[in-house]
Amino acid sequence: MIPARYKASRFPAKLMQDLGGKPVIIRTYEAAVQTKLFDEVYVVTDSDIIFDTISGIGGKVLMSRKEHESGSDRIAEAVEDMDVDIVINVQGDEPFIDKESLTKIIEVFRNDAEKEIDLASLMTPITEWDEISNPNTVKVIVDNQDFALYFSRSPIPYPRDEGVDATYYKHKGIYAFRKRALLDFQRLPMLPLEAKEKIEAIRFLEYGKKIKMVETHVSGIEIDTPEDLERAKKAWK
């Protein structure tokens, strides 16, 4: 499922911006299909423009029936009546998604015989302080089994003492859910930490869900700002 909101707060209409001759949302949809990992790939949108763009290339697209606070809410509505076990959420602004990383988060559920894991997501190491301190970059800290402890737009862990090594991880906006966890997310009200940080993964932590993080070294480019789009265009060439 690829949630696709037209009126993004930081960069409106970003999914319809040109990337190598096609809109960003088409690039993301085609990248997901080309992995051949999924039974079905859908774009889920609130926009007639995006709906017509995807249907115009013969793609599968669903229209949201109501307004949603997050992409997870949007796809929860879409899968409610579908007979599925695992749902992957690929953000519409992730045209550089790769098969290797997606395979890793799917394997989390293949190896979870007791079905204890509610969702899995990706993280990638970052080293540049400009990126670590950038509030547009969501950071994650994990325990010794790579379960998420917290997500933040602030640098976590905070480097109080010099000479203490710590790896900083950027959270990539790709999730794999058990369907029940996704439907729970839709029904549970937003709590203060999620409302403050505006990071939907925090809702799962606030309600005690288990998030398994998987390290990947394929960083890609999420298109959150016009500057990101320019970087993406150079990378696409």
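Position 1 is the first residue of the sequence; numbering continues from there. Everything numeric here is computed off the predicted structure, so don't read it as measured data.
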K.L.:
Does the pair Asp46 and Arg74 meet the rule for a side chain to side chain contact (heavy atoms under 4.5 Å, CB included), with working shown?
P.N.:
CA-CA 9 Å; Asp46 61 354; Arg74 192 179 307 284; 3.4 Å; yes
K.L.:
Salt bridge check, Asp184 against Lys209: does any charged N sit closer than 4.0 Å to a carboxylate O?
P.N.:
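Yes.
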K.L.:
Spell out, as yes or no, whether a donor-acceptor pair under 3.5 Å connects the side chain of Lys139 to the backbone of Ser133.
P.N.:
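The answer is no, because no donor-acceptor pair under 3.5 Å joins these two groups.
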K.L.:
Tell me the closest heavy-atom pair linking Pro189 and Tyr207, and the distance in Å.
P.N.:
O-OH, 2.8 Å
K.L.:
Which pair of non-hydrogen atoms, one from Phe151 and one from Ile156, has the smallest distance, and what is that distance?
P.N.:
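Here Phe151 and Ile156 meet closest at C-CD1, 4.1 Å.
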K.L.:
Is there side-chain contact between Val24 and Leu229, with at least one heavy-atom pair below 4.5 Å?
P.N.:
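Contact flag for Val24/Leu229 side chains = yes.
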K.L.:
Quick one: does Asp161's side chain have a donor or acceptor within less than 3.5 Å of a partner on Val164's backbone?
P.N.:
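No, the answer is negative, given that no donor and acceptor are paired below the 3.5 Å cut-off.
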K.L.:
Give a yes or no answer on whether the side chain of Asn111 reaches the backbone of Val108 with a donor-acceptor pair at less than 3.5 Å.
P.N.:
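The answer is no, because no donor-acceptor pair under 3.5 Å joins these two groups.
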K.L.:
Would a hydrophobic clustering, with Ile, Leu, Val, Met, Phe, Trp and Tyr connected at side-chain separations under 4.5 Å, put Leu205 with Met190?
P.N.:
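Leu205 and Met190: separate clusters.
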K.L.:
Charged N to carboxylate O under 4.0 angstrom, Lys212 versus Asp112?
P.N.:
no
K.L.:
For the side chain of Arg27 and the backbone of Gly20, is there at least one donor-acceptor N/O pair under 3.5 Å apart?
P.N.:
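Yes, Arg27 side chain to Gly20 backbone: donor-acceptor pair under 3.5 Å.
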K.L.:
Do Val41 and Tyr29 have side chains that get closer than 4.5 Å, going by heavy atoms?
P.N.:
yes
K.L.:
Identify which one of Thr127, Ile126, Ile132 satisfies the side chain to side chain contact (heavy atoms under 4.5 Å, CB included) criterion when paired with Trp129.
P.N.:
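The option that passes is Ile132.
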K.L.:
According to a hydrophobic-cluster definition based on side-chain heavy atoms being under 4.5 Å apart (Ile, Leu, Val, Met, Phe, Trp, Tyr only), do Leu191 and Leu119 belong together?
P.N.:
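No; tracing contacts between hydrophobic side chains, which count when under 4.5 Å, never links both residues.
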K.L.:
Is any side-chain heavy atom of Phe51 closer than 4.5 Å to a side-chain heavy atom of Val43?
P.N.:
no
K.L.:
Kindly say whether Gly208 contributes a backbone atom to a donor-acceptor pair with the side chain of Lys210 at under 3.5 angstrom?
P.N.:
no
K.L.:
Taking all heavy atoms of Val142 and all of Ala148, pick out the closest pair and write down the distance.
P.N.:
CG1-CA, 4.1 Å
K.L.:
After noting the C-alpha distance and the side-chain angles of Glu215 and Lys104, does the key distance pass the side chain to side chain contact (heavy atoms under 4.5 Å, CB included) rule?
P.N.:
CA-CA 9 Å; Glu215 184 171 341; Lys104 285 181 178 180; over 6 Å; no
K.L.:
Nearest 0.5 Å, please: how far is CD1 in Ile174 from CD in Gln91?
P.N.:
8.0 Å
K.L.:
Under 4.0 Å between a Lys/Arg side-chain N and an Asp/Glu carboxylate O for Glu206 and Arg203?
P.N.:
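Salt bridge between Glu206 and Arg203, a charged N being under 4.0 Å from a carboxylate O: no.
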K.L.:
Can you list the steps and then say if Glu230 with Glu227 is a side chain to side chain contact (heavy atoms under 4.5 Å, CB included)?
P.N.:
CA-CA 5 Å; Glu230 291 308 310; Glu227 292 76 21; 5.7 Å; no
K.L.:
I would like to know whether Glu200 and Ser72 meet side chain to side chain donor-acceptor pair (under 3.5 Å); could you show each step before the answer?
P.N.:
CA-CA 8 Å; Glu200 61 196 73; Ser72 296; 2.4 Å; yes
K.L.:
Could you check, using the six-membered ring where one of them is a Trp, whether Phe204 and Phe177 have ring centers closer than 6.0 angstrom?
P.N.:
yes
K.L.:
Taking atom CD1 of Ile86 and atom CG of Asp39, what is their separation to the nearest 0.5 Å?
P.N.:
11.5 Å
K.L.:
State the NZ-CD1 distance between Lys234 and Ile221, to the nearest 0.5 angstrom.
P.N.:
10.0 Å
K.L.:
With side chains defined as the heavy atoms from C-beta onward, is the minimum distance between Gln17 and Ile223 less than 4.5 Å?
P.N.:
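Of all side-chain heavy-atom pairs linking Ile223 with Gln17, none is under 4.5 Å.
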K.L.:
What are the two closest heavy atoms between Thr45 and Ala4, and how far apart are they?
P.N.:
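Closest heavy-atom pair between Thr45 and Ala4: OG1-O, 2.7 Å.
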K.L.:
Quick check: are there more than 12 heavy atoms from other residues, nucleotides or ligands sitting under 6.0 Å from CG of Asp85?
P.N.:
no
K.L.:
Is Asp93 paired with Lys14 through a side-chain N to carboxylate O contact shorter than 4.0 Å?
P.N.:
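Salt bridge: yes.
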K.L.:
Is the closest side-chain heavy-atom distance between Lys170 and Glu222 below 4.5 Å?
P.N.:
yes
K.L.:
Yes or no on side chain to side chain donor-acceptor pair (under 3.5 Å) for Ser121 and His171, after CA distance, side-chain angles and deciding distance?
P.N.:
CA-CA 8 Å; Ser121 194; His171 179 219; 2.7 Å; yes
K.L.:
Would you kindly confirm whether Ile49 and Ile2 end up in one hydrophobic cluster when ILVMFWY residues are joined by side chain heavy atoms under 4.5 Å apart?
P.N.:
yes
K.L.:
Taking the side chain as every heavy atom from C-beta outward, state whether Leu182 and Asp118 have any pair of such atoms under 4.5 Å apart.
P.N.:
no
K.L.:
Assess Arg178 against Phe109: is NZ or CZ under 6.0 Å from the centre of the six-membered ring, and within 45 degrees of the ring's axis?
P.N.:
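Geometry flag: not set, cation outside 6.0 Å or 45°.
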K.L.:
Where the side chain of Ser47 meets the backbone of Tyr6, is there a donor-acceptor pair that is under 3.5 Å apart?
P.N.:
no
K.L.:
Over all heavy atoms of both residues, which pair between Ala76 and Leu183 is shortest? Give the atoms and the distance, please.
P.N.:
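Answer, listing the atom of Ala76 first, then Leu183: O-CD2, 3.7 Å.
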K.L.:
Backbone N or O of Asp52 within a donor-acceptor pair of the Ser55 side chain at under 3.5 Å?
P.N.:
yes
K.L.:
Take Glu194 and Ile199, measure what side chain to side chain contact (heavy atoms under 4.5 Å, CB included) needs, and give me the verdict at the end.
P.N.:
CA-CA 6 Å; Glu194 180 192 0; Ile199 300 171; 5.9 Å; no
K.L.:
Do Lys22 and Glu30 sit within salt-bridge range, that is, some charged N less than 4.0 Å from a carboxylate O?
P.N.:
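Judged by the 4.0 Å cut-off on N to carboxylate O distance, Lys22 and Glu30 do form a salt bridge.
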K.L.:
Please determine, by modelled atom types, if Glu197 and Tyr150 share a side-chain donor-acceptor pair under 3.5 angstrom.
P.N.:
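Side-chain D/A pair, Glu197 to Tyr150: present.
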K.L.:
Give a yes or no on whether Leu188 and Val87 share a hydrophobic cluster (residues Ile, Leu, Val, Met, Phe, Trp, Tyr; joining criterion: side-chain heavy atoms under 4.5 Å apart).
P.N.:
no
K.L.:
Between Ala176 and Ile105, which heavy-atom pair has the shortest distance, and what is it?
P.N.:
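Answer, listing the atom of Ala176 first, then Ile105: CB-CD1, 4.0 Å.
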K.L.:
Is there a path of hydrophobic side-chain contacts, each under 4.5 Å between heavy atoms, that joins Val33 and Leu37?
P.N.:
yes
K.L.:
State, with a plain yes or no, whether a side-chain heavy atom of Thr216 is found less than 4.5 Å away from one of Met123.
P.N.:
no
K.L.:
Working to the nearest 0.5 Å, report the span between CG of Asn136 and CD of Glu131.
P.N.:
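Here the rounded value is 10.5 Å.
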K.L.:
Could you tell me if the side chain of Leu122 sits less than 4.5 Å from the side chain of Met213, heavy atoms only?
P.N.:
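They are not in contact (no side-chain heavy atoms under 4.5 Å apart), so the answer is no.
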K.L.:
Nearest 0.5 angstrom please: Tyr42 OH to Ile75 CD1, how far?
P.N.:
13.5 Å
K.L.:
What distance separates Trp236 CH2 from Leu19 CG, expressed to the nearest 0.5 Å?
P.N.:
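If we round to the nearest 0.5 Å, Trp236:CH2 and Leu19:CG are 5.5 Å apart.
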